[in-house]
Participant: 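My questions will all concern the structure given below.
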Amino acid sequence: MASNESKEEGKRRPLNFIEQIVEEDLKNNRNNGRVHTRFPPEPNGFLHIGHAKSICLNFGIAEDYGGKTNLRFDDTNPLKEEQKYIDSIKEDVHWLGFDWEDREYYASDYFEQLYEFAVKLIKQGNAYVCELTPEEVKNTRGTPTEPGKESPYRDRPIEENLDLFRRMREGEFEEGSCQLRAKIDMSSPNMQMRDPILYRIRHIAHPRTGDKWCIYPMYDFAHGQSDYIEGITHSLCTLEFENHRPLYDWFLDKIAEGDYRPKQIEFARLNLSFTVMSKRKLLELVNEGYVDGWDDPRMPTISGIRRRGYTPGSIREFSEKVGIAKRDNVIDVALLENSLREDLNKTAQRVMTVLDPVKVVITNYPEDQEEELDAVNNPEDENMGMRKVPFSREIYIERDDFREDPPKKFFRLAPGREVRLRYAYYITCQGVVKDEFGEITEIRCTYDPETKGGQSPDGRKVKGTLHWVSSKHALPVEVRQYDRLFMDESPDKIKEEGKDFKSNLNPDSLHIIENAMAEPFLKDAKPEDKFQFERKGYFCVDRYCKPQEKLIFNRAVTLKDTWAKIAKQQQQGKKK
Ligand code: ATP
Ligand code: MG
C-alpha cells in the first residue's frame with residue numbers, strides 16, 4: 001500500500017522534483033493513490049550506466065512509495081531488436097538488485113490493442129490514412145517558425161480510412177506507400193503535433209509476433225498507450241521527450257475511459273565525461289572490433305563495468321549521488337570511480353601482488369627456512385581478521401621499487417638503504433646482480449631478524465614500505481590493467497574534419513601483464529571476487545575465468561584518481 005507520509009526524513013537529502021510530484025499526487029489521491037512505474041528499454045543493445053540511473057530511479061521511486069515497477073520491452077521496431085539483448089537486459093536489472101516479479105511485458109504483446117486504439121481514433125475522425133511518401137510527409141511538416149502543409153488525404157471519409165487501414169494491416173500495400181497519421185494541427189508551434197505518423201508499413205517479421213503484423217506503431221503511439229494498458233502512474237523518461245508530452249496526453253485523452261491517466265515526467269539523461277553512451281556508438285565499437293564485445297571491461301555497459309569489478313551497491317550509490325536534474329549536464333566519471341573505491345575500501349580483502357617482479361635474495365636468511373607472518377585482511381574492518389603470509393629467503397618486489405641511482409624523494413629501496421617489507425622485516429640493499437645487457441636480475445639484501453612484523457625494537461625509522469611475495473610460494477596470475485577508453489573529456493564532441501569519437505580512443509586502455517606474482521592466499525579466488533592489491537588498486541577476478549586455469553584479474557580502479565593528478569599537472573604546465 002502506498003503511504004501518504006513524506007519520505008524526506010528518511011533520505012540524506014531533500015526530495016528531488018520527481019519525488020515532490022509523486023508526493024503531491026499521493027496527497028491528492030491521484031489515480032487512487034497508486035504508484036506504478038516502468039523501466040522501458042528497447043532491446044537493441046546492452047544496457048549502459050545511463051540506463052542504470054533510470055533503473056535505480058524507477059525501481060527506487062516505487063520502493064519508496066509502496067508501489068510497483070514493470071519491466072517493459074519497447075520492442076516496436078523489429079529491425080534492430082534481438083533476443084540476446086532481452087536476455088542481457090534481464091540479467092543486468094537483476095544484478096543491480098531490482099525485481100520486476102512477474103511483470104515482464106512487451107509492447108509487442110499489445111499490438112492488437114494498439115490497433116484497436118488506432119481504429120477508435122479513426123472512428124472519432126482523429127486519424128487518417130495518408131498516401132504521401134514518408135519523404136513527402138517530412139517535407140510538408142514545416143519548420144519551427146513556419147506552419148506545415150495539410151495532406152491532401154486529410155479529409156478522407158471515416159469509412160474509407162477504416163477500409164484502408166484494415167488493408168494496410170492485411171498486407172495489401174507496399175512499404176512507404178501509405179501511413180496512418182493523427183489529425184491534429186499542421187500549424188501547431190509544437191512540431192510533434194503536426195499530424196504525426198502513428199503506423200507505418202514494414203514487411204518484416206518481428207522476433208516475437210513473427211509474420212502476424214506488417215504494420216508497426218511508432219514510439220509515440222506505443223509508449224503512452226502501453227503505460228495506460230499497464231496502469232502506470234508515473235512514466236519517467238529523458239528530456240528529449242519533453243515536447244512529445246502534449247502528444248502523449250492528446251492520445252490518452254482520445255482513447256482513455258474513466259479518470260485514470262499516466263503522467264509523463266522528464267529528467268536529464270546521465271552523461272559521463274570520457275564516455276560515449278549512445279547504444280548506436282557502443283554497437284559501432286563492438287562491431288568494428290575496438291573492444292572485445294559489449295561486456296568488455298572498458299565499456300560503460302552494465303555488463304562491462306560489472307566485469308571490470310563494479311559492485312551493484314557502488315552503482316546504486318553513484319546514482320543516488322548524482323541525483324535527478326532537469327537540465328542536461330555532464331558528470332565527472334571520477335565520481336563513478338570514486339563510488340567504487342569507497343565501496344571496495346570497506347569490503348575488499350587486501351593481498352600483496354607484485355605486478356612487475358624482480359627477485360630479492362636475503363643473504364643472511366637461512367636457505368631452507370620459511371615462516372608464516374601475520375597480515376591484516378582489511379584495516380577498515382577488523383571483523384575480516386588476519387591471514388598468514390609465507391616468507392622465505394627469496395622474494396619478489398616491484399622492479400620500480402628499486403633504483404640503483406635514486407632521485408630525490410625516492411624513499412624505496414636503493415643500494416645501502418634500509419626499507420620495511422610489509423608485515424615482515426627491515427631489509428638493507430647490499431648490491432645487485434646484472435645480466436649481460438645490464439638489466440638487474442637480482443637484488444641482494446640482508447635482513448634484521450629483530451624487526452619481525454615490520455617494527456624495529458630500537459625505534460629505528462625507515463621511510464619506505466614495500467609489498468612483496470615469497471618466490472617459492474608465489475602464484476603466477478594474469479593481470480589486465482584497464483584504463484579509460486577515451487582520452488578526451490568529451491569524445492562525442494570531436495570537431496576535426498573527417499574525425500569522430502573513435503579517433504579519440506585511448507591507445508593505452510589495456511595493458512596485459514601475463515605473469516604477475518600473487519601471494520598464495522589468492523589460489524582459492526573465484527570469478528568476480530574483488531581484492532585490493534596493496535599499493536596497486538582494486539582488482540576483480542574475471543567473470544569468465546575457469547577453475548584450474550590461471551587466474552585473470554581485471555583492474556577495476558586505481559587506489560587514487562590518477563587522472564586528476566595528470567589534469568593538475570597539465571594545468572600547472574599551462575600556467576608556467
Ligand atoms: P541510447 O540513446 O543511449 O541508445 P535509449 O534512450 O535509446 O538510449 P532505451 O532503451 O530507449 O534507450 O531506454 C530505456 C530507458 O532508459 C528510457 O526510459 C530512457 O529514457 C532511459 N535512458 C536511456 N539513456 C539514459 C541516460 N543516459 N540517462 C538516464 N536514463 C536513460
Ligand atoms: Mg530509445
Side-chain angles (χ1 to χ4, degrees), residues 16-18 36-62 69-77 79-82 84-90 92-93 96 98 100 104-108 218-220 222-224 226-227 230 232 234-245 248 262-287 294 299-305 315-316 318-331 333 335-336 490-492 501:
N16 63 46
F17 79 96
I18 295 179
H36 202 147
T37 58
R38 85 291 169 261
F39 173 63
E42 185 182 352
N44 63 350
F46 280 52
L47 298 181
H48 51 59
I49 178 82
H51 294 113
K53 161 95 231 178
S54 173
I55 294 168
C56 292
L57 175 64
N58 279 292
F59 282 89
I61 291 270
T69 305
N70 296 354
L71 175 63
R72 180 197 316 145
F73 291 99
D74 215 330
D75 58 346
T76 52
N77 181 0
L79 261 184
K80 296 185 193 155
E81 296 161 4
E82 288 181 41
K84 70 168 185 223
Y85 297 138
I86 294 180
D87 296 339
S88 76
I89 289 169
K90 285 164 44 173
D92 289 349
V93 177
L96 275 177
F98 297 107
W100 57 89
E104 174 182 332
Y105 299 128
Y106 293 81
S108 59
M218 304 296 287
Y219 173 88
D220 285 313
H223 201 89
S226 305
D227 286 343
E230 292 177 13
I232 300 305
H234 298 85
S235 182
L236 314 178
C237 64
T238 40
L239 279 180
E240 67 271 23
F241 294 103
E242 191 170 14
N243 58 355
H244 295 236
R245 186 173 1 116
Y248 181 99
K263 181 189 270 185
Q264 174 179 308
I265 305 167
E266 310 85 21
F267 65 97
R269 62 173 51 229
L270 171 72
N271 299 304
L272 282 182
S273 62
F274 295 97
T275 309
V276 300
M277 206 93 92
S278 115
K279 276 185 276 188
R280 182 181 60 75
K281 287 179 183 163
L282 297 177
L283 182 66
E284 227 173 290
L285 293 175
V286 173
N287 283 348
W294 281 98
M299 288 283 270
T301 50
I302 297 180
S303 50
I305 62 179
I315 298 171
R316 291 199 303 263
F318 166 74
S319 168
E320 177 70 21
K321 254 192 238 154
V322 300
I324 307 293
K326 282 191 200 182
R327 293 270 178 79
D328 275 320
N329 57 2
V330 180
I331 302 290
V333 70
L335 197 67
L336 176 65
S490 326
D492 275 325
F501 70 101

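For the numbers below, each heavy atom of this structure counts, side chains included, while hydrogens, waters and symmetry mates do not. Counting starts at 1 for both ligands and their atoms, in listed order. These numbers were taken from a predicted model, which means no experiment stands behind them. In what follows, residues are counted from 1 in the order of the sequence shown.
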Participant: Taking the six-membered ring for Trp and the full ring for Phe, Tyr or His, determine whether the centres of Tyr248 and His244 are under 6.0 Å apart.
Facilitator: no

Participant: Within the structure, does Leu270 bring an N/O atom to less than 3.5 angstrom of an N/O atom in ligand 1?
Facilitator: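 Checking ligand 1 against Leu270, an N or O pair does fall under 3.5 Å apart.
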
Participant: Between Thr238, Ile324, Asp328, flag the one that comes closest to atom 19 (C) of ligand 1 by a heavy atom.
Facilitator: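 Nearest heavy atom to atom 19 (C) of ligand 1 lies in Thr238.
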
Participant: Quick check on contacts: which atoms of ligand 1 are under 4.0 angstrom from a heavy atom of Ser54?
Facilitator: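 The atoms of ligand 1 under 4.0 Å from a heavy atom of Ser54 are 16 (O), 21 (C), 30 (N).
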
Participant: Between Glu230 and Arg38 (salt bridge meaning N to carboxylate O under 4.0 Å), is one present in this structure?
Facilitator: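 Here Glu230 does not pair with Arg38 in a salt bridge, since their nearest N and O are not under 4.0 Å apart.
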
Participant: Does Arg316 come within less than 4.0 Å of Glu320, counting only side-chain N to carboxylate O?
Facilitator: no

Participant: What I want to find out is whether Glu104 reaches Lys90 closely enough, with some N-O distance under 4.0 Å, to be called a salt bridge.
Facilitator: yes

Participant: In terms of atom number and element, which parts of ligand 1 are under 4.0 angstrom from non-hydrogen atoms of Phe39?
Facilitator: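 Near Phe39, meaning under 4.0 Å from one of its heavy atoms, ligand 1 has 15 (C), 16 (O).
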
Participant: Please determine whether the number of non-hydrogen atoms from other residues, nucleotides or ligands lying under 6.0 Å from atom NZ of Lys321 exceeds 12.
Facilitator: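 Correct, the count exceeds 12.
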
Participant: Going from CG on Leu57 to CD1 on Ile265, what distance comes out if it is rounded to the nearest 0.5 angstrom?
Facilitator: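 So the gap between those two atoms works out to 9.0 Å.
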
Participant: With side chain to side chain contact (heavy atoms under 4.5 Å, CB included) as the criterion, how do Tyr85 and Trp294 come out once you've worked through the C-alpha distance, each side chain's angles and the decisive distance to 0.1 Å?
Facilitator: CA-CA 10 Å; Tyr85 297 138; Trp294 281 98; 3.8 Å; yes

Participant: Under 4.0 Å from a heavy atom of Met277: give me the atoms of ligand 1 that qualify, with their elements.
Facilitator: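 Atoms satisfying the 4.0 Å criterion: 3 (O).
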
Participant: By number and element, which atoms of ligand 1 are closer than 4.0 Å to a non-hydrogen atom of Ser278?
Facilitator: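 By the 4.0 Å cutoff, the relevant atoms are 3 (O).
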
Participant: Between ligand 1 and Lys53, is the shortest N or O to N or O distance under 3.5 Å?
Facilitator: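 No; every N/O pair is 3.5 Å or more apart.
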
Participant: Kindly confirm or rule out an N or O of Arg38 lying under 3.5 angstrom from an N or O of ligand 1.
Facilitator: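 No, there is no polar N/O contact under 3.5 Å.
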
Participant: Check whether any side-chain heavy atom of Leu47 lies under 4.5 Å from a side-chain heavy atom of Val93, and answer yes or no.
Facilitator: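 Heavy-atom side-chain distance check passes, below 4.5 Å.
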
Participant: Are Arg72 and Asp227 close enough, and set up right, to give a side chain to side chain contact (heavy atoms under 4.5 Å, CB included), and what steps lead you there?
Facilitator: CA-CA 9 Å; Arg72 180 197 316 145; Asp227 286 343; 2.7 Å; yes

Participant: Give the atom numbers and elements of ligand 1 that come within less than 4.0 Å of a heavy atom of Glu42.
Facilitator: 9 (P), 10 (O)

Participant: Using a 4.0 Å heavy-atom cut-off, say whether Phe241 meets ligand 1 through its side chain, its backbone, both or neither.
Facilitator: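 Neither; nothing of Phe241 gets under 4.0 Å from ligand 1.
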
Participant: Can you check whether Arg280 has an N/O within less than 3.5 Å of an N/O in ligand 1?
Facilitator: no

Participant: Does Glu240 reach ligand 1 with a nitrogen or oxygen that is under 3.5 Å from one of the ligand's nitrogen or oxygen atoms?
Facilitator: no

Participant: Nearest non-hydrogen atom to atom 29 (C) of ligand 1 belongs to which of Pro300, Ser235, Gly50?
Facilitator: Gly50

